[in-house]
Every structure is written in structure tokens, then in C-alpha cells.
Amino acid sequence: MEIVKVEQLQELLNNFANEDVYIHLETTNGAYATHFNENVFNAGAFIRNVLIRFELGKVAGEAPHRVGLKLPHGWVYAQGITHFQLDEHGRLLMAGHDQSGKLAVALEISRTPFTY
Amino acid sequence: MTLPMERHVLVVFPHPDDEAFGVSGTIATYIKQGIPVTYACLTLGEMGRNLGNPPFATRETLPQVRKQELLASAKSMGVTDLRMMGLRDKTIEFEDDEKMVGMMENLIEDTNPSLVITFYPNYAVHPDHDATGRAMIRAIRRMPEENRPTIYALAFSNNSKEDLGEPDIIHNIKDSRDEKMGSMRAHISQTAWMLQEMDKRLADGEPEAENWLHFERFYTYDFNKDFE
């Protein structure tokens, strides 16, 4: 993965607009967050292989970036995106890594289902 | 230390690195004593968060990285019967409970263990750990008492000593130190920071006896104090 270049990522996002695509979206503190610090309220969310069709995708803000997808009747967005890659399967992988290298958020878009 | 003889040891954990810190020395010791050990790992740690900055893997390539690490760890411990069970990280508690019990029953039927090592339900912090231990203990509870294997359960939640007391099984695994280091190093994508912490603790003068490379501790599971 490489650090987000806004124009490049924007162009890749545009290529997935207005067609059926599978998405992966997750955000997490890690399962051990409360174990190491009981003051942490541990919350996260994970969806994988949900089929959507967005009409507009946009990279916004300074790094770390926000990426939002506007759907005909809804929204998907991720905050904290630092890295991106178009992988060898033509999937657009976006991720937010904190300073220690831990994944904090991921948003991925694919024309074919992600592996189970 | 020579461990008591066993017919077959079945180790069941959900994540590729779960064996490294708490059990790999014990596993290596059994194997060196000629006791067959099966390690069933339920997932490939697909949701691991340590991906590095700059990242060395993506969310989609991580399972392959961790599979190779798991194979290397098994090799270091001498495990030849490694089973990857094909579930997905962080989803085990949401699987059908009976399906999970059935998976454990199949593993028991297949390996006929005299000893099973898994997590102590409700005292193992990660939801996948607790769910794995739950399924295994439910499977063994259904067996006639005289046929049940012994269960060594791993507990490390902050309240485990308060609730369960001190672990009753303590293995001195110093003679398997190299195998254990090999297992921990094999999982380097997830263990790098813990290895750093270990080095720091040793450098700070922590007695070696407290160290992961010297002792591994378990609770013999007691069905008279069942978790449910």
C-alpha cells in the first residue's frame, strides 16, 4: 500500500461508481482495548461482501483522509484513511494505519466478492 | 522438566499466534517426549491489526502472511498435525453454537486425546478465545465422565486470579526455550511488540522465573465449577 495521493485515489474511486460493487468496511480498537485500559469504551463495526451501488465517491480532507460514497438512498463513509492500493484483483483497498502501524479503519471496494 | 505421559494432546485455539506465548513450550516438550500433539487453529487471524506503517500487508493479504507464520511456528514446535479449521477471525462467537460443539466433537473423535488444551471460557479476554473454550468444554461435558480427557485451560483476564485462584498446573519449559522463541518469532507480524516488551522486562531486572520462557501456567478445568 502507499500513502494516499488524493487525485490518484479519486480517479480510482470514480472507476467504481454506478455499478454493483462489494464493500468491506471495518473500524476497531482491537479486542484487547478494554483489557489493557478499562476506561476504553470498546466499539467497532465490520461489514464484508455487502453489495452496493454508489453514484458519487469522494476523497475529502487533509491526511488522514475521509472517503465517502453517496448511494441513491444512503451513505457509506470511512474516516482516517492513510493508505491505498489497487491490488492485482482490481480491488480498491483503502486503510487507515495509526503511528504504531495498527489498522484502525479499512474500506475496500471490489467488483467480485471478497474471500469469506 | 518431564511432563506426565499423555496418549494424545489436542490443542485448540482460534488465532495463529495464540499458542506462542502460553503453550508453545508445553507443546514442544510433549513432542520431544514422543507424545503426539494435534494443533487445531480455527482461523487465520484475518482481522489482525498489526499491519505496520508502512504496511507490510493489506487486509486481504494478511491471512496468507499469518498462514505462513503458523506453519513456521508449528515447525519450530515440532507439530506435524496442524489443522486449519477455516473459520473467520472475530466471528466465532456468532457461529451456530451446535456447529461449534460438533467441530470439537469431531476433533476429539479423530484424535482421542487424553489431554485437551484450550481457553478458559469467560476468562480469556478475546470473544473468539471464550467462544472456542465454550465449544470445547460443552463437547467434553457431553462425554461420559470416565471417557473425558483432562482439560488444561488458559485464563488471563484481569479478574482470573481473583475468581479462579492461581493456576494449578505449572510447567517449567526452560528446556524448550529455543522452540518457544522460534514459535514467538514465527508470528513476528503479531508478536514484535510483545517480544520488545519481554526484552525490556528482562533488561529491567525481572526475575527470569517470571518470564514466558521459563513457565507456562494452566487451570485444570473442573466440571464441578462449570462455567455455565
Side-chain angles (χ1 to χ4, degrees), chain A residues 1-4 22-40 42-49 63-64 78 80-110 112-116, chain B residues 14-15 17-18 21 42-67 84-95 119 122-132 155-160 188-194 196-197:
Chain A
M1 302 193 108
E2 54 183 307
I3 292 172
V4 168
Y22 294 88
I23 61 164
H24 167 111
L25 175 65
E26 69 171 283
T27 179
T28 173
N29 298 314
Y32 295 95
T34 310
H35 178 66
F36 292 125
N37 178 357
E38 59 187 28
N39 293 321
V40 171
N42 204 358
F46 171 60
I47 63 173
R48 187 166 173 87
N49 279 334
I81 298 294
T82 57
H83 290 77
F84 79 118
Q85 178 189 353
L86 189 71
D87 77 0
E88 72 270 29
H89 305 291
R91 304 179 294 199
L92 180 53
L93 312 181
M94 294 165 278
H97 295 252
D98 68 15
Q99 283 85 347
S100 67
K102 284 187 192 296
L103 185 76
V105 61
L107 173 61
E108 304 178 345
I109 304 174
S110 172
T112 53
F114 295 98
T115 54
Y116 170 70
Chain B
H15 309 123
D17 57 346
D18 285 338
F21 287 95
L42 302 195
T43 82
L44 289 178
E46 291 88 348
M47 295 294 274
R49 300 179 67 220
N50 299 305
L51 295 176
N53 201 351
F56 63 85
T58 69
R59 187 36 98 229
E60 300 308 316
T61 60
L62 184 65
Q64 286 312 311
V65 172
R66 297 200 66 183
K67 183 178 177 180
M84 301 180 210
M85 306 304 289
L87 299 180
R88 189 179 175 88
D89 195 5
K90 286 192 103 169
T91 65
I92 294 174
E93 63 181 326
F94 306 117
E95 291 279 1
F119 283 114
N122 303 335
Y123 294 96
V125 182
H126 193 300
D128 283 345
H129 296 173
D130 286 336
T132 301
F156 64 101
S157 64
N158 293 328
N159 61 342
S160 57
I188 194 68
S189 77
Q190 306 300 311
T191 54
W193 69 273
M194 283 187 93
Q196 271 173 11
E197 188 200 323

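Below, chains carry the letters A, B, ... as their sequence lines are ordered, and counting in each starts from 1. Computed from a prediction, not measured in an experiment: that's the story for all the values here.
Annotation: maximal heavy-atom pairing with chain A below 4.5 Å, among B:H129, B:H126, B:E60, occurs at B:E60. Between chain B and the residues A:G101, A:A106, A:S100, A:A104, the most heavy-atom pairs under 4.5 angstrom are made by A:G101.
Using a distance-only test at 3.5 Å, with no hydrogens or angles considered, a donor-acceptor pair links the side chain of B:N158 to the main chain of A:H35. For the pair B:R49 (side chain) and A:N29 (backbone), a donor-acceptor distance under 3.5 Å is present.
Heavy-atom distances place no part of A:H89 under 4.5 Å from chain B, backbone and side chain included. For A:Q85, the part sitting under 4.5 Å from any heavy atom of chain B is the side chain, from C-beta outward, and nothing else. Using a 4.5 Å cut-off between heavy atoms, A:T82 makes no contact with chain B at all. Contacts of A:E2 with chain B are absent, with no heavy-atom separation under 4.5 Å from either backbone or side chain. Heavy atoms closer than 4.5 Å to chain A are found nowhere in B:T61, neither backbone nor side chain. Contacts of A:F84 with chain B are absent, with no heavy-atom separation under 4.5 Å from either backbone or side chain.
Judged as a side-chain contact (heavy atoms from CB on, under 4.5 Å), and not counting sequence neighbours, the contacts of A:N49 are A:Y22, A:P113, A:F114.
Within 6.0 Å of the CD1 atom in A:I3, the count of heavy atoms belonging to other residues, nucleotides or ligands does not exceed 12.
The shortest side-chain heavy-atom distance between A:H83 and B:N53 falls under the 4.5 Å cut-off. Counting heavy atoms from C-beta on, the side chains of A:K102 and B:L51 never come closer than 4.5 Å. Looking only at side-chain heavy atoms (C-beta outward), A:M1 and B:F56 stay at 4.5 Å or farther from each other. Taking the side chain as every heavy atom from C-beta outward, B:R59 and A:L103 approach each other to under 4.5 Å.
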